Amino acid sequence: METKLRMVLPDQELMRLYEQMFLSREFEEHCAEQYTKGNITGFLHLYSGQEAVAVGATAGLHKEDYILSAYREHAQAIVRGAEPKRVMAELFGKATGLCKGKGGSMHLFDPSLNFMGGYAIVGGQFPISVGLAFSAKYRNEDRITACFFGDGAVNQGTFHESLNWAQLWELPVLFICENNFYGIGTEVHRSSALASIHRRTCGYDIPSEKVDGMDVIAVYKAVKYAAEKVRETGRPHFIEATTYRFRGHSMSDPGKYRSVAEHELWKSRDPLPSFAKRLLEEGIATQEALDAVEARCKTRVEEAVTFAEESSWPEDNEVYSDIYV
Amino acid sequence: MSEMTYRDALNLALKEEMRRDPSVVVWGEDVALYEGSFKVTRGLLSEFGEERVKDTPISENTIVGVAVGAAMGGLRPVAELMTVNFALLAMDQIVNHMAKIHYMFGGQATVPMTIRMPGGGGSQLGAQHSQSLETFFMHCPGMRVVYPSTPDDAKGLLKSAIRDNNPVIFLEHELLYNSKGEVPEDPEYLVPIGKAAVKRPGEQVTIVAYARMTVLALQAAEELTKEGISCEVVDLRSLAPLDDETILASVKKTGRAVVVEECWRTCGLGAEIASRIFENCFDVLQAPVRRVSGLDVPMPYSRKIEKLCIPQAETIVLAVKDVVSGRY
């Protein structure tokens with residue numbers, strides 16, 4: 001039986017989760033539009049469909065906790081608090097972007113939010129997460145490191161090296177796998193000998209669990225519990241959130257390798273309308289309140305696009321700055 | 001000043017920096033209990049304890065990556081890779097992460113870390129343990145590369161590397177660990193990164209070298225004085241950035257140059273330095289720049305033919321004679 005939402009979080013927090021999911025979706029859909037217009041170029045990997053994971057997980061962490069992610073990380077950054085204007089400007093390559101237009105879609109970073117980066121080499125963020133966790137432990141800081149990654153990353157050597165290392169050195173790392181079942185176009189059972197990803201951690205004696213990544217409350221509860229365990233024990237923990245991306249791997253991928261039926265099945269589990277329905281049914285929100293949230297998000301994203309359009313390009317001399325300290 | 005080995009000078013640099021700054025931590029394969037495969041980390045575990053001196057699994061990419069994360073978190077890790085050959089397993093973290101993070105995050109993150117790695121050949125270790133990969137690192141912007149030839153430079157450069165806010169590749173030559181020299185005792189003795197040293201002044205030809213090749217170049221220069229040829233030996237010390245000023249000033253003075261590199265000749269650092277000399281000193285050059293290089297072959301085991309693959313003092317002597325006499 002489903003837990004009543006109010007038993008988990010206060011109304012205001014529940015509404016905030018919905019707003020963050022809607023903002024992420026709206027942001028990503030505008031990114032797609034700006035990509036087709038040629039305002040965003042390069043690689044663009046969108047998050048639509050996976051919102052419950054970023055939103056639920058981030059809500060289960062403390063502000064001091066470090067977050068690292070991969071290249072599909074716009075939502076993680078925005079949900080953590082990155083200003084959509086500056087994220088959009090980064091995607092446009094403008095000087096006002098989060099990383100001055102030098103990072104782009106796959107390299108968002110904001111140390112003021114302890115958002116320690118999107119990394120575009122599959123599995124590259126695992127050891128860096130372990131190192132950040134070490135630095136926090138070394139300084140006796142009450143801070144864990146949450147490392148997001150996709151199902152494709154678990155076949156990289158760094159995954160195994162870092163899980164082994166985190167457990168061996170007793171480091172506070174929370175590994176959060178977003179299993180959307182596809183590494184580009186290769187379905188998980190075609191790339192992983194053990195497709196049930198959370199079971200892979202038994203080789204390192206790291207506790208793990210699987211959670212429905214289309215249910216923001218389920219993700220929140222699992223991450224909150226796991227984060228507390230990590231804090232308490234100082235040891236790593238692992239969560240596999242099953243989810244689905246509604247678009248292809250990137251904007252250049254029409255996603256022909258997935259059947260219409262499969263797509264429709266997941267679409268029927270879209271985390272936004274299903275959560276909205278629960279908010280209404282349990283009397284937490286009225287339709288008017290949801291409409292107001294949605295309108296607010298739409299305005300914020302439209303403002304972000306305008307801001308990005310109107311922002312200046314980096315000066316030519318920026319090409320040589322920041323190579324060395 | 002006191003006389004000590006290159007190994008002990010490195011060890012002293014580590015100890016001094018760890019005493020000075022609690023954010024300096026050391027890890028790598030067998031660096032703690034075993035005290036390092038080349039014993040550079042001797043005594044660190046007993047003085048600084050298990051939190052600061054740590055043995056790691058044999059996971060080179062992760063050794064570097066954990067250091068990257070720890071450096072981003074405010075520590076100053078000094079990671080040891082057992083030999084430079086194993087750095088190839090860590091090239092993702094070195095090239096794609098360590099060297100790029102400061103730039104791609106718009107200057108918001110710094111990665112103040114050092115990777116120490118023994119390198120070079122000449123000990124009959126075969127193709128997989130005798131490589132000179134310095135050029136691989138020089139090619140990539142975003143990190144410093146240093147390679148000392150003497151104990152005093154080893155101490156001063158390692159201390160500078162640890163204090164630098166940029167990532168630094170710190171190469172150590174396996175055949176120099178037992179070499180001896182005078183080393184300043186001053187714990188503030190630093191050798192700046194990016195400054196070459198004229199290790200021997202001369203008039204007729206500049207020999208540009210680094211690490212063990214500097215030792216051979218000095219032997220060659222000594223030999224050549226007997227034949228009345230005066231050589232100036234420039235020790236690069238830092239491979240990235242290269243000290244153009246010192247190299248070019250020397251070549252402008254002598255009008256001739258021989259570049260000695262232990263690495264493979266093709267696309268090696270000698271090609272880069274020769275090119276810079278041609279671009280900047282063409283009007284004063286009295287002879288084409290000559291390269292003395294490692295052979296473009298995987299290193300063989302047999303000592304008879306291994307020797308052919310690494311520049312020797314005699315090959316440097318021959319190259320200098322050619323350049324000075326006009327035979328090239």
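The chains referred to below are lettered A, B, ... by the order of the sequence lines, with proteins before strands, and numbering in each begins at 1. Model, not experiment: these values are computed from the prediction.
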**Message:** If I compare all heavy atoms of A:Trp169 with all of B:Thr56, which pair ends up nearest, and what's the gap?
**Reply:**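 Closest approach of A:Trp169 to B:Thr56: CZ2-CG2, 3.8 Å.
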**Request:** Search all heavy atoms of A:Pro111 against all heavy atoms of B:Gln108 and return the closest pair with its distance.
**Result:**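 So the two residues come closest at CD-OE1, 3.5 Å.
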**Prompt:** Considering heavy atoms only, which positions within residues 303-325 of chain A lie below 4.5 Å of chain B?
**Reply:**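 Result: A:Glu318, A:Val319, A:Ser321, A:Asp322, A:Ile323, A:Tyr324, A:Val325.
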**Prompt:** If contact means a heavy atom pair closer than 4.5 Å, which residues of residues 81-98 of chain A contact chain B?
**Reply:**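 Interface residues of residues 81-98 of chain A: A:Leu98.
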**Request:** Please look at A:Leu108 and chain B and tell me whether the side chain, the backbone, both or neither of the residue comes under 4.5 angstrom of a heavy atom of that chain.
**Result:**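 For A:Leu108, the contact with chain B is made by the backbone alone.
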**Message:** Can you tell me which portion of A:Tyr66 sits under 4.5 Å from chain B's heavy atoms? Options are side chain, backbone, both or neither.
**Reply:**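 Just the side chain, heavy atoms under 4.5 Å.
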**Prompt:** Counting heavy-atom pairs under 4.5 Å to chain A, which of B:Asn61, B:Thr62, B:Val64, B:Val68 comes out on top?
**Reply:**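 Sorted descending by pairs with chain A, the first entry is B:Thr62.
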Quick one: [atom1] on [X] to [atom2] on [Y], what's the gap to the nearest 0.5 Å?
X        : Y        : atom1 : atom2 : result
A:Lys102 : B:Met104 : NZ    : CE    : 13.0 Å
B:Ile101 : A:Phe109 : CD1   : CZ    : 7.5 Å
A:Thr158 : B:Asp92  : OG1   : CG    : 7.5 Å
A:Leu168 : B:Lys54  : CG    : NZ    : 8.5 Å

[atom1]/[X]: more than 12 non-hydrogen atoms of other groups inside 6.0 Å:
X        : atom1 : result
B:Phe278 : CZ    : yes
B:Arg20  : CZ    : yes
B:Gln128 : CD    : no
B:Asn165 : CG    : yes
A:Leu194 : CG    : yes

Portion of [X] that has a non-hydrogen atom of chain A nearer than 4.5 angstrom:
X        : result
B:Ala109 : both
B:Val25  : side chain
B:His102 : both

I'd like to check [X] versus [Y] (side-chain heavy atoms, cut-off strictly below 4.5 Å). Are they in contact?
X        : Y        : answer
A:Tyr119 : B:Asn96  : no
A:Met116 : B:Phe105 : no
A:Phe134 : B:Glu51  : yes
A:Pro127 : B:Gln93  : yes

**Message:** For B:Arg42, give me all partners under side-chain hydrogen bond (donor to acceptor under 3.5 Å, both in side chains), at least two apart in sequence or on another chain.
**Reply:**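 Not a single residue meets the side-chain hydrogen bond (donor to acceptor under 3.5 Å, both in side chains) criterion with B:Arg42.
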**Request:** Sort out for me which of A:Ser112, A:Gly103, A:Gly131, A:Ala120 touches chain B most, counting heavy-atom pairs under 4.5 Å.
**Result:**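 Top option by heavy-atom pairs under 4.5 Å: A:Gly131.
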**Message:** Can you pull out every side chain to side chain donor-acceptor pair (under 3.5 Å) where at least one residue sits in residues 121-141 of chain A? Sequence neighbours excluded, please.
**Reply:**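 The answer is A:Tyr138-B:Arg52, A:Glu141-A:Arg143.
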